[in-house]
There are 2 protein chains.
Amino acid sequence: MAKPTVYDVAAHARVSIATVSRVLRRPDLVKDSTKEQVLAAVRALGYVPSASARGLAGRTTGVIGLYLPAIDGVDEAALDAAGEDGASATVRVVRDIPDSGSSRVRDLYYDEVLRGAQLEAWRQGFVLTIGVGHGGDPERMVRDMAGRVDGLLIVARSVPEEMLGQLSGSIPIVLIAGPRRGDSFDHVGVANREGMRALTAHIVSELGVRDPVYVFGPEGSPDDAERYAGFVAALASVGVDASALRTLRGDFRREGGRAVAAALVAEGRDALPRAVICGNDQMALGMLDEFGRAGVRVPTDVLVSGFDGIEETRLSSPRLTTVRQPMEELGRAAVRAMVDRLEAPDTAPITRRLPVEVLLRESTETVSD
Amino acid sequence: MAKPTVYDVAAHARVSIATVSRVLRRPDLVKDSTKEQVLAAVRALGYVPSASARGLAGRTTGVIGLYLPAIDGVDEAALDAAGEDGASATVRVVRDIPDSGSSRVRDLYYDEVLRGAQLEAWRQGFVLTIGVGHGGDPERMVRDMAGRVDGLLIVARSVPEEMLGQLSGSIPIVLIAGPRRGDSFDHVGVANREGMRALTAHIVSELGVRDPVYVFGPEGSPDDAERYAGFVAALASVGVDASALRTLRGDFRREGGRAVAAALVAEGRDALPRAVICGNDQMALGMLDEFGRAGVRVPTDVLVSGFDGIEETRLSSPRLTTVRQPMEELGRAAVRAMVDRLEAPDTAPITRRLPVEVLLRESTETVSD
DNA sequence: GTGAAAGCGCTAACAG
DNA sequence: CTGTTAGCGCTTTCAC
């Protein structure tokens, strides 16, 4: 008993295959009584329509693809090793000492984007298929996905610019996050600039720090550039020339934040800046780590802020002031943009910019505050 | 310039479509020189094969589906509201007080399963498509998925038993977690029983508590039943009849744990059990919350343990002793099982049982320990 | 090695 | 309202 097809259902219900198809797609066009027969046959046979056939005939798959960049510490070698179920014990008992699990820190970022995309896709009648980069070239995977979906959502910078060009020739693409792409791609992003501007304004105006230090991420991050632009703008609006201020460079990772903080501490406690504004949360958390170790008090000795709003910022001590990006909403907006694009293929590029939220917490709290 | 097809490529390369197909699927059967021509044409045209057509012709989609149960607090109404991009502000600044974000607590469980499945699927040359239940009936979504994948991974109890029966008639199914299904389904699970047995043994033998109290989840959870069986077994092996011991009933949720703890406290401090062993982490965390509020000290006054190994257990104070399930590995193992099944459709049901890890932490630490 | 031709299961005109 | 009939783009014998 192979998988039943329309033909089987048609035969069973004593109608033509066209009628079966209609019952499933435009039920209103079919007489109630025949509809019943067909439905009964469907149930009896356990018929499930083939998406492949439907896709071929209808030239549309009902699938939206989401491509995410490589997951942090995915270790291919370890994966291979884990590949076989060794005869390992069923239970292992270990004394788990604090901090041993720090390697589990993962950016929840994409999980949330994924969740939002999935939810919205379903609401819109689409299915989501995901591809996650893994080290090397996105090439193969992205191409493969391109062949099986109606449209592709791509997280910024996870795919080389050139491939985007080619791809967009044959399939709609919506870019997620990253730099603004008013030009040639549909794009949903967040208000990086405005968020950092508001945060900086708070620190400068409310807290009276006129010489905050900005900590960059790795060279070439457009998100970081936008954030810094917001930083500069906030300062400019109170008459401070940001280019005269000191800046530091990290790498967007926690470890990098630690290093930057350590360097600062090494210069002497009295030389510490009054406020450190980091390009992302991970670096800020790293600085918190190191300042804590070194006995530098936050916020008493120095104010620290991050950007992104990852979960850990709520759990650090002190809790970290940050700018929360609406990740889940980002995924959702991307799907919406894609659906719009699919409905109107030849309209101008869609650009959506989502609002952010500045979360003021203890890491930037002052006495007078 | 519509999407190029095999015909376009064939014409461009001056060969037949059969040759184009061969170059892409069995390159070894084609002469090098012609292969070159075809590849060149593919590049020139930006050809991407249609997965639908391929699926139809080859009766296999190269897709594995993963169906996850409803996400905790998904609020459909809120989703609708969020549907339109209101003219909301770009930035909002709020003073974020501690604990305000407790609603964001989400079980990371499925995210990890998802990640593992995705990774392994790709390694095996498959693409993963995911479906997440949302409140109501899984029916429609699962059926839809069934039509577009080669096999379906289903998290236990997210789909009614009967539907599983039907489905498995037309498509391979691998159940994830939940009760053992040695019978009629392929299944990957974890060593619930053994894990709880080891944990209980530790508390009984090492810490000398011969009358721990077990806190159940909601009625009818097979996972919980297995865990309790482990609890009973551990006790039995030191000559204690667990059925004579007190048990409590929660609901697997944090709030439920709080309620249970509150009830216990209300009975009087001196009547407190010496150890409380919970069926999952959420309840244990809830108990920690309430004990903390009530001034009951953990582990001094009472020992508390959980089960699952969710992230929050590392961040609570005291950190929670628990049994960590290898979630990511669960997803990976499920995919592997599916691939095996696909390769050998008619072999006996596959059952994989993954080891767990008992993590001893401060919530069960005693002085003598 | 390569080409011709027959489907894979479904949808969508087009008749009736 | 329902049936007939072309394909959709690709894989796969079967010949050559």
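Chain letters run A, B, ... following the sequence lines, proteins first, then strands; residues in each count from 1. What you are looking at is a predicted structure, and each value in this text was computed from that prediction instead of being measured.
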Validation row: [X], [Y] side chains within 4.5 angstrom (heavy atoms):
X	Y	result
B:Leu45	B:Asp8	yes
B:Leu153	B:Tyr67	no
A:Phe126	A:Val339	yes

Comparing A:Leu24 and B:Lys31 on DNA chain C - which has the more 5′ nearest nucleotide:
B:Lys31
From [atom1] of [X] over to [atom2] of [N], roughly how many Å is that when rounded to an integer?
X	N	atom1	atom2	result
A:Leu29	C:dA12	CG	P	11 Å
B:Arg26	D:dT11	CZ	P	12 Å
B:Arg14	C:dG3	CZ	P	12 Å

Residues in side chain to side chain contact (heavy atoms under 4.5 Å, CB included) contact with B:Val6, at least two apart in sequence or another chain:
B:Ile17, B:Val20, B:Tyr47
Basic-acidic side-chain contact under 4.0 Å: B:Asp144, B:Arg140
no
Does one side chain, of B:Gln118 or B:Arg332, offer a donor that lies under 3.5 Å from an acceptor on the other?
no
Just checking, is any N or O donor in the side chain of A:Glu162 or A:Gln166 under 3.5 Å from an acceptor N or O on the other one?
no
Base, sugar-phosphate, or nothing for B:Val20, non-hydrogen atoms under 4.0 angstrom?
nothing
OP1 or OP2 of C:dC10 sitting under 4.0 Å from any side-chain N/O of A:Ser21?
no
Measure all distances between protein nitrogen or oxygen atoms and nitrogen or oxygen atoms of nucleotides 14-16 of chain C, and list the pairs falling under 3.5 Å.
none

Please write out each protein N/O paired with an N/O of nucleotides 5-9 of chain C under 3.5 Å, distance rounded to 0.1 Å.
residue, atom, partner, partner atom, Å
C:dC8, O4', B:Arg59, NH1, 3.4
C:dC8, O2, B:Ala57, N, 3.1
C:dG9, N2, A:Ala53, O, 3.3

Knowing that exactly one of A:Arg341, A:Arg352, A:Arg336 qualifies, which makes a salt bridge (charged side-chain N to carboxylate O under 4.0 Å, His left out) with A:Asp186?
A:Arg341
